[in-house]
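To keep things clear, I will list the structure first and then write my remarks on it.
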Amino acid sequence: MQTRCTQTRSADGPRRRVAWATALVLIAVTALLGSTPEGATAAPPAAVPVPVLSWGPCEGEAGDAPGDGFRCATARVPLDYRRPTGPTIPLAVTRRLAPDRTHRTGVLVLHPGGPGNSGVDFARDSYDALPASLREAFDVVGYDMRGVGRSGQVECWNDREYAAAVDAARGVPGPGALRGAVRQGLDFASACRQRSGDLVPFIGTGSNAGDIDLLRQALGEEALTFYGRSFGSYVGTVYAARFPRRVRAMVLDGAYDPRRYAEVPYAYDAAQFEALDAAVGRFLDWCARSATTCGFGEGNPRRAWDALERDLDAHPLVTASGRRATGYTLAYRLMFNINAGKEIWPHLGQALEAARTRRPSFLLNPPSPASFDFLNANLAVECADRVYPSGRPLLGALVGAHVATAPLLGPPIGLGPPTYDHNHAPTCAQWPARRPSRYEGSYRAAGSAPILVLGTTGDPDTPYRDAVALAGTLDNGHLLTFAAEGHTAYNRSECVSTLVTAYLATLALPARGTVCADETPPDALGRNRAGIEVDETRDRIPTPRLFDGRAADALR
């Protein structure tokens, strides 16, 4: 006998109403946090021409001077991958060969953070910080991604416009600041369309990943070894998602949660504001406990911070360059310098006290023209990657909420002019260009080799939760945790660096659940610390230093 399941109309009605209510809630949440992605990046057709690399002296080197051992080339890649044989864009590439050609392992691509940092400079500046085992095993390669540096620098605001905006910004924004931030975001977006309209649709990470694979082919490699930090972790994630079989080994340091970043950007921004403010708060709390070592605030550094911001707003300091330093300048510089971790906390305290007494301080250096190049690309690339729900009421409500949850740096950064990651919403929510180069697809990287994800528990820039999420998203992701303050982990910990180096060289993964807890403690002020200032325009892998009083021989 055949049995049938039946339902009465009275039972079906409530279920349908519940289903419709659930659907409406989901629609509302989507409108609040993200929107349907647009402009999916189609996989490059097989007929995409592989660039020919003609290696020669790098910029500034004479033809007969090898310089630092790197050689440079230009790769021409399609501007629009939907037209693979159409107009091209030049990419600047650099390479230093492994010394022993018979025993080399392959190519190690180093990708900086940003977006906006030069990958050519990153490779060259970071080479000496790599352990000998990696320098001997790999050709080290870097490139400037499209829209950055030597690869067609994007321009939205020019130097004069940027300088005027940041010099007028305040550490404690007044009434109308939110409306001003939205207005400046629209002005920046309009300037991008006017000055770089032919380029900005095509600088997204989907196309960037296609460029990397063309470089792989041009270098004659079956698979790549890849280290990407901060934004470079998102680039690596997209590359692995699109070309999983082309990954030999991959380290993603200071990782992004790719789905939240690209698809629910308001929620991603909120977490960044919270992480930044929490890190600054932990530093100021340390100053309160260690007043003599910190040297700022006389036991109440939070109150001293607020007073210093207000004083600089009311009485801006004229710098040696003739520019004005305000409370906004202080907040902008601290946003980047807090990334260095506990070891520079005493130096930050010293710099804050110098600012309070109107003495020279690296926290009072206004953003420079080099910063403006970085920020133009930082905004334009992320607006090409991310789709914010449109509508000024939603924009105002959510930016206001982000600022309210981050009282230390939220107001100046969130309500200031278009600059770094945290305040991209006022520009990207009003972005005028289409996004054909945006990646749209799964981030699982199904079929890839194991991918090592590094997360720092107190990271002010890419929250630790992002690394956990990415490791869980990847089909073959493995999480290595650094229990520390600061942004990224490699070469800031002997434990992390030894494990990462072993993985890159031999493919040996750390045991699951490994936590490294050997952060360098706050550094004594008496030690000579050249280059203590963090410059947002020049990313580099930190140079290994003494760990617990012992030379890090394992890293060399």
Side-chain angles (χ1 to χ4, degrees), residues 31-32 156-194 265-267 269-270 272-274 276-277 280 302-303 305-318 323-335 363-364 366-367 371-372 375-376 378-380 382-383 386 388-432:
L32 182 66
C156 299
W157 273 357
N158 60 33
D159 291 350
R160 178 185 56 79
E161 292 164 335
Y162 240 135
V166 297
D167 290 359
R170 295 292 177 263
V172 185
L178 179 56
R179 290 192 302 273
V182 173
R183 185 171 59 251
Q184 285 186 315
L186 178 60
D187 184 74
F188 187 95
S190 299
C192 289
R193 177 175 57 187
Q194 178 184 355
Y266 278 122
D269 292 351
Q272 270 201 301
F273 272 104
E274 292 166 7
L276 174 62
D277 233 52
V280 173
R302 288 177 182 259
R303 183 175 63 191
W305 165 263
D306 183 66
L308 178 54
E309 275 191 309
R310 292 180 183 277
D311 181 58
L312 286 168
D313 283 350
H315 309 286
L317 178 70
V318 179
R323 300 272 303 284
R324 301 196 315 166
T326 67
Y328 175 83
T329 314
L330 191 77
Y332 176 89
R333 285 296 170 202
L334 185 58
M335 172 175 60
L363 294 179
L364 293 180
S371 299
F372 302 150
L375 295 171
N376 269 300
N378 187 265
L379 268 150
E382 293 211 349
C383 289
R386 312 171 76 193
Y388 285 79
S390 60
R392 287 198 178 189
L394 183 64
L395 170 63
L398 292 181
V399 170
H402 296 166
V403 167
T405 61
L408 290 169
L409 261 61
I413 302 304
L415 302 178
T419 54
Y420 190 57
D421 293 7
H422 309 71
N423 79 335
H424 285 180
T427 298
C428 297
Q430 304 180 87
W431 194 242

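Note that the structure is a prediction, hence the values are computed from the model and not measured.
- Note: His402 NE2 to Gln272 CD = 10.5 Å, rounded to the nearest 0.5 Å.
- The shortest distance between side-chain heavy atoms of Leu375 and Phe188 does not fall below 4.5 Å.
- Nearest approach of Leu415 to Pro173, heavy atoms of both residues: CB-CG, 4.1 Å.
- Atom-to-atom distance recorded for Asp313:CG and Leu308:CG is 9.5 Å, nearest 0.5 angstrom.
- Residue Cys156 holds its SG atom at 8.0 Å from OH of Tyr162, rounded to the nearest 0.5 Å.
- For Gln430 (side chain) and Val182 (main-chain N/O), a donor-acceptor pair under 3.5 Å exists by modelled atom type.
- Ala425 and Val399 make their closest contact through CB-CG2, 4.1 Å (heavy atoms, listed as atom of the first residue, atom of the second, distance).
- Between Cys428 and Cys383, the two SG sulfurs come within 2.5 Å of each other, short of that mark.
- Taking OH of Tyr328 as the reference point, atom CG of Asp167 lies at 10.5 Å (rounded to 0.5 Å).
- Atoms CZ and NE2, from Arg324 and His315 in turn, are 12.0 Å apart once rounded to the nearest 0.5 Å.
- Tested against Leu330, the residues Leu317, Leu409, Leu364 include a single side chain to side chain contact (heavy atoms under 4.5 Å, CB included) partner, Leu364.
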Open item on the list: Test side chain to side chain donor-acceptor pair (under 3.5 Å) on Asn378 and His424; report intermediate values, then the result.
Closed with: CA-CA 9 Å; Asn378 187 265; His424 285 180; 2.8 Å; yes
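- Ion pairing between Asp306 and Arg302 fails under the 4.0 Å rule for side-chain N and carboxylate O.
- Summarising the geometry of Ala189 relative to Pro432, their closest heavy-atom pair is O-CG, 3.5 Å, with the distance given to 0.1 Å.
- Of the possible polar contacts, none joining the Asp269 side chain to the Asn423 backbone as a donor-acceptor pair under 3.5 Å is found.
- When atom types are taken as modelled, the side chain of Asp277 and the backbone of Leu408 share a donor-acceptor pair closer than 3.5 angstrom.
- Distance alone, capped at 3.5 Å, is enough to place a donor-acceptor pair between the Arg170 side chain and the Ala168 backbone.
- To the nearest 0.5 angstrom, Leu379 atom CG is 9.0 Å from Trp157 atom CH2.
- Judged purely by atom type and a 3.5 angstrom limit, Arg323 uses its side chain to pair as donor or acceptor with the backbone of Pro367.
- Judged by distance alone, the side chain of Thr326 and the main-chain N or O of Ala169 form a donor-acceptor pair under 3.5 Å.
- Taking both residues in full, the closest heavy atoms of Leu395 and Ala429 are given as CD1-CB, 4.2 Å, listed atom of the first, atom of the second, then distance.
- Shortest non-hydrogen contact noted between Ala181 and Gly416 is CB-O, 4.1 Å.
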- [ ] Just do the side chain to side chain contact (heavy atoms under 4.5 Å, CB included) check on Leu276 and Tyr420 with the steps written out, would you?
- [x] CA-CA 12 Å; Leu276 174 62; Tyr420 190 57; over 6 Å; no
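- Taking both residues in full, the closest heavy atoms of Pro412 and Gly171 are given as CD-O, 3.4 Å, listed atom of the first, atom of the second, then distance.
- Distance alone, capped at 3.5 Å, is enough to place a donor-acceptor pair between the Asn376 side chain and the Phe372 backbone.
- Tyr266 and Tyr388 have perpendicular rings, their planes meeting at more than 60° on a 0 to 90° scale where under 30° would count as parallel.
- Under the 4.5 Å side-chain criterion, counting only non-hydrogen atoms from C-beta, Cys192 is in contact with Trp431.
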